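These notes concern the structure reproduced below.
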2 protein chains.
Amino acid sequence: MVDKPAPRRVTIIDVARHAQVSTTAVSKVLRNAYGASPAMRAKVQQAIAELGYRPSAAARGLRGQTYTIGVMIPELRNLFFADILDGITAQLAGTDYQVLIAPGCNGEKAEARVIDAMIDRSMDGLVLIAPVSAKTRLIEVARRVPTVVVGRHGSSPAYDSVADDDVAGAALVVDHLADLGHRRIAHIEHHETDRVRLAEMPNARRADGYREAMRRRGLAGFIDIASTSYTHDGGYRGAKELLSRAPRPTAIFAGADVVALGALEAIAEAGLSVPGDISVAGYDNSALASFGPISLTSVDQDGRQMGADAARLLVDRIADRDRRPVQVQLSPTLAVRRTTAAVSLE
Amino acid sequence: MVDKPAPRRVTIIDVARHAQVSTTAVSKVLRNAYGASPAMRAKVQQAIAELGYRPSAAARGLRGQTYTIGVMIPELRNLFFADILDGITAQLAGTDYQVLIAPGCNGEKAEARVIDAMIDRSMDGLVLIAPVSAKTRLIEVARRVPTVVVGRHGSSPAYDSVADDDVAGAALVVDHLADLGHRRIAHIEHHETDRVRLAEMPNARRADGYREAMRRRGLAGFIDIASTSYTHDGGYRGAKELLSRAPRPTAIFAGADVVALGALEAIAEAGLSVPGDISVAGYDNSALASFGPISLTSVDQDGRQMGADAARLLVDRIADRDRRPVQVQLSPTLAVRRTTAAVSLE
DNA sequence: CTGAAAGCGCTAACAA
DNA sequence: TTGTTAGCGCTTTCAG
C-alpha cells in the first residue's frame, strides 16, 4: 500500500479543457440549466465521468446553491423524528439535494446555535422539527433562508408548516377511553409556560385537546393533569403523582410514548396491572409502542408523510421564494393495543 | 409584521471597515491565529458583535477549513449510535467545530454516495460509524480527508479507529450463561459473506467470540448458530429457527438488543417463558435493554466514550495529518438483568 | 447556443 | 505586528 498523496482536486476547468468547451458550458450541464445543446451536454458528461469530477459544494455555495438541506432534530432518540426524516430523505431521493442533520439542540440557546451553523454553511433550505425558538426568531430565519417548520402549530407569513392535528389526537384517546367506560382519565403533560408556545407547541395542544374532549364528554369534573416533561422520567414522576391521589385515575393518557413507558414503570412498581387496574395510552405510535411485550395504545401521526410534505414544500419554496406560505395539517389515527381496556368494576 | 427583505450579508470587509483594520486582521481574529495584538483583537471582536457578523463557511472552505465534522450514521434508530454521537458532540462542544450527520446509508452504494457528499462539502473531518465499504475505499477516503472509523476492527495506515472488543463481549455472555449452568447456548448472528468484513465487522467478531468462548468452556459440541440479520425481524426468525431444533437451546445470545427483542417475541409466541424456560442476552445495552418491563441482560459498550475518543483523534489528525494512525480498543462489560437465570432442571 | 470575464467571501503568502 | 494581493472553484452576467 504505497502512501501516495491525494492528487490535486479535479476542477471545472479540467473538465472544460478535457471536453474542449468553456467552463460556463460545464456549469450549465451541472445545473441542467438552459442553453446547452445535447451534443455539448454529452461531451461534458463524458468528460465528467472520465475525470471523476465532483463539483465543490463550497465553491458553488459562494455564488449559487449548495444543494444541501439542513434538518434540525431536537432529539435523535425520538423515533418519531426518525420517521419524519425518512419521509424527507425519501422525497428528496433522486434530486440533487443532500440532507444533513444538525443534532443535539435541546433548548432555545442550542437551537439558535445550530440554526446559525446551518445558515453559515449556506444551506439551501431548512427543515426545523418542533423548534422551541421564539416566533420572531423563526420568521427572521425564514426570511434569510427557505424554511419549513414541522410539528408546530400557528401560521406565519414567512415559512411553510406541517403539523399533525394534536387536538384531534388527544380527542381520539379521550373518546376511546370514555367509550370503554373510563371517567377518571388523567393526563401527563409537558410543562409549558411561554405564551406563544402554549398556543403553538404540540404538547400544549395535546393538553388543550384533552381538556376540551373531557368537557365534551361531560367529564370536566374529572380533568386531572400531572405537569412534568416529555421524557421517560417525566412519565414515571407524573404517574407516581397521579397514583397518589384518591381516588386514583383508571386511565392515563401520556403525551408521548416515552412518557407512557415511564408511567408503565411507575404503575408496575405500585403493584398495579395494566390494563386490569389502569389503562395507559401514549402518543406517536413509535416502534416501542408496537413492540409485542409492550403493545401500547398510541396515537399515530404519519411521520413519513409529514417529512415528505415538508421536503416537497421546501423544494417548492427554494424554486419560488415569494409564493404564499402554506400550512399542511394531517389527521392522526389511533392504534389500539393491549394497554387499554374497559374500566374494571369497583 | 412588515415584509422587509433580508438585508445584504455582512462580510469580513464590512467588519474590517467598521473596525478600521484590514480584512487579514479580521481573519486572524476569527481563526485565533498568530499575529494580532490584544488591542486589535478587542477592536475586531467589538465590530463583529456590533454588526452581528458571521463568517461564511462556504467561503472559508474554499481556502481553509469549514469547521464542519461529518458523521456517517448507518441507522438513526440504533440507540447505540446515538450514544456515540453524544460522545462526539460532547467532546467537540466548546470548539469551533460543528457536527453534521449524514443519514440513511444502508448498503455500500448509499454509503459511497453519502461519503462523497461529505467530501464535496469540504468537511474538515469524517467519523464513519460501522462503515460497510471495502477497505480500499476507506483508505482512499481517509487520504483525502482526515477520517476516524468507529466500530470496525482492523487497522489501516490511513485512518484512526475506535472499536469495542467484540470478541471479549461475546465471551462475557457465554461465560455468564455457562456459569449459570447453561450448555446449549445458541447464537443469532448477522449473516456475512465478504472476506474482509468477516474479519473486521463487529457482527462477525461477536460470532467468532461466541465460538471461541464455547470451545474454551468445553461446549464446542453445543455451538448452534442461526444466521439472519441484526434487526427485530432477524431476531424473530432466528429464534423461531433455534426453537424448532431438538433439543432446543436453554439460552440465546443475540448479537444485538433489537435482535434479542425479536427473539423475545418469538419465544413468547411459542408459549415459553423468559428466563424460566430460556435465557436471552443481547448486545449494546441500549435504552431498550434497561427499560424495566424488558430488563434485558446485555453487553455494554461505552458508546459515549467511543464517540469522545473518535472526536479527539479526529481533531488531533486535522491538526497533524501525518501523525501515525492509532487504534483505540475499549473493553465491554456485562449488564446482568432479568432475562438470564440459572438453567432449569429438566 | 456559446464563451470571456467578473466576483462571491474568505485565507495564505508575501511585503512593509 | 499589520496590510496588500492573489487566488480557492464555481456561477452569473453580458457579449458574441
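We name chains A, B, ... by the order of the sequence lines, and we start the count at 1 in each one. Only a predicted model underlies this, so the values are computations on that prediction, with no experimental measurement involved.
- Rounded to whole Å, the distance from CD1 on I13(A) to C1' on dG7(D) is 11 Å.
- Contact check, S27(A) against dT11(D): a side-chain N or O comes under 4.0 Å of OP1 or OP2.
- When all heavy atoms are compared, the tightest approach of K28(B) to G35(B) is CD-O, 3.5 Å.
- Heavy atoms of A33(A) sit nowhere under 4.0 angstrom from any nucleic acid atom.
- Checked by distance alone, T24(A) brings a side-chain donor or acceptor within 3.5 Å of a matching partner on the base of dA4(C).
- Contact check, T11(A) against dG9(D): no side-chain N or O comes under 4.0 Å of OP1 or OP2.
- For Y67(A) and dT11(D), the OH to C1' distance is 9 Å, given to the nearest whole Å.
- Taking only side-chain atoms of K28(A), from C-beta outward, the nucleotide of dG3(D), dG3(C), dC10(D) with the closest atom is dG3(C).
- Atoms CG and OH, on L313(A) and Y159(A) in that order, are 13.5 Å from each other to the nearest 0.5 Å.
- With D160(A) as reference, R317(A) is the one residue of Q327(A), R317(A), R312(A) to meet the side chain to side chain donor-acceptor pair (under 3.5 Å) rule.
- Residue L62(B) has its side chain nearest to dG9(C) when only dT11(D), dG9(C), dT2(D) are considered.
- When each of dG9(C), dT1(D), dA5(C) is scored by its nearest atom to the side-chain atoms of S56(B), the top-ranked nucleotide is dG9(C).
- Among the heavy atoms of the strands, none lies under 4.0 Å from A58(B).
- Counting only heavy atoms from C-beta on, R63(B) has its side chain closest to dA6(D) among dG3(C), dG9(D), dA6(D).
- Atom CZ of R60(B) and atom P of dT11(C) are 5 Å apart (whole Å).
- The distance between atom CD1 of I12(A) and atom P of dT11(D), rounded to the nearest whole Å, is 5 Å.
- I119(A) has its CD1 atom 16 Å from the P atom of dG9(C), to the nearest Å.
- Closest non-hydrogen pair, V145(A) versus T147(A), comes out as O-OG1, 2.7 Å.
- Applying the 4.0 Å criterion to OP1 and OP2 of dT1(D), one finds that Y34(B) has a side-chain N or O inside that range.
- E111(B) approaches S133(B) most closely through the heavy-atom pair OE2-OG, 2.6 Å.
- R9(A) has its CZ atom 8 Å from the C1' atom of dG9(D), to the nearest Å.
- Look at CG on D96(B): it is 15 Å from P on dC10(C), rounded to the nearest Å.
- Backbone-only engagement by R31(B) is indicated by non-hydrogen atom pairs under 4.0 Å involving sugar-phosphate atoms exclusively.
- The CD atom of Q20(B) sits 14 Å away from the P atom of dT2(D) (whole-angstrom rounding).
- Not one side-chain nitrogen or oxygen of T23(B) sits closer than 4.0 Å to the OP1 or OP2 atom of dC10(C).
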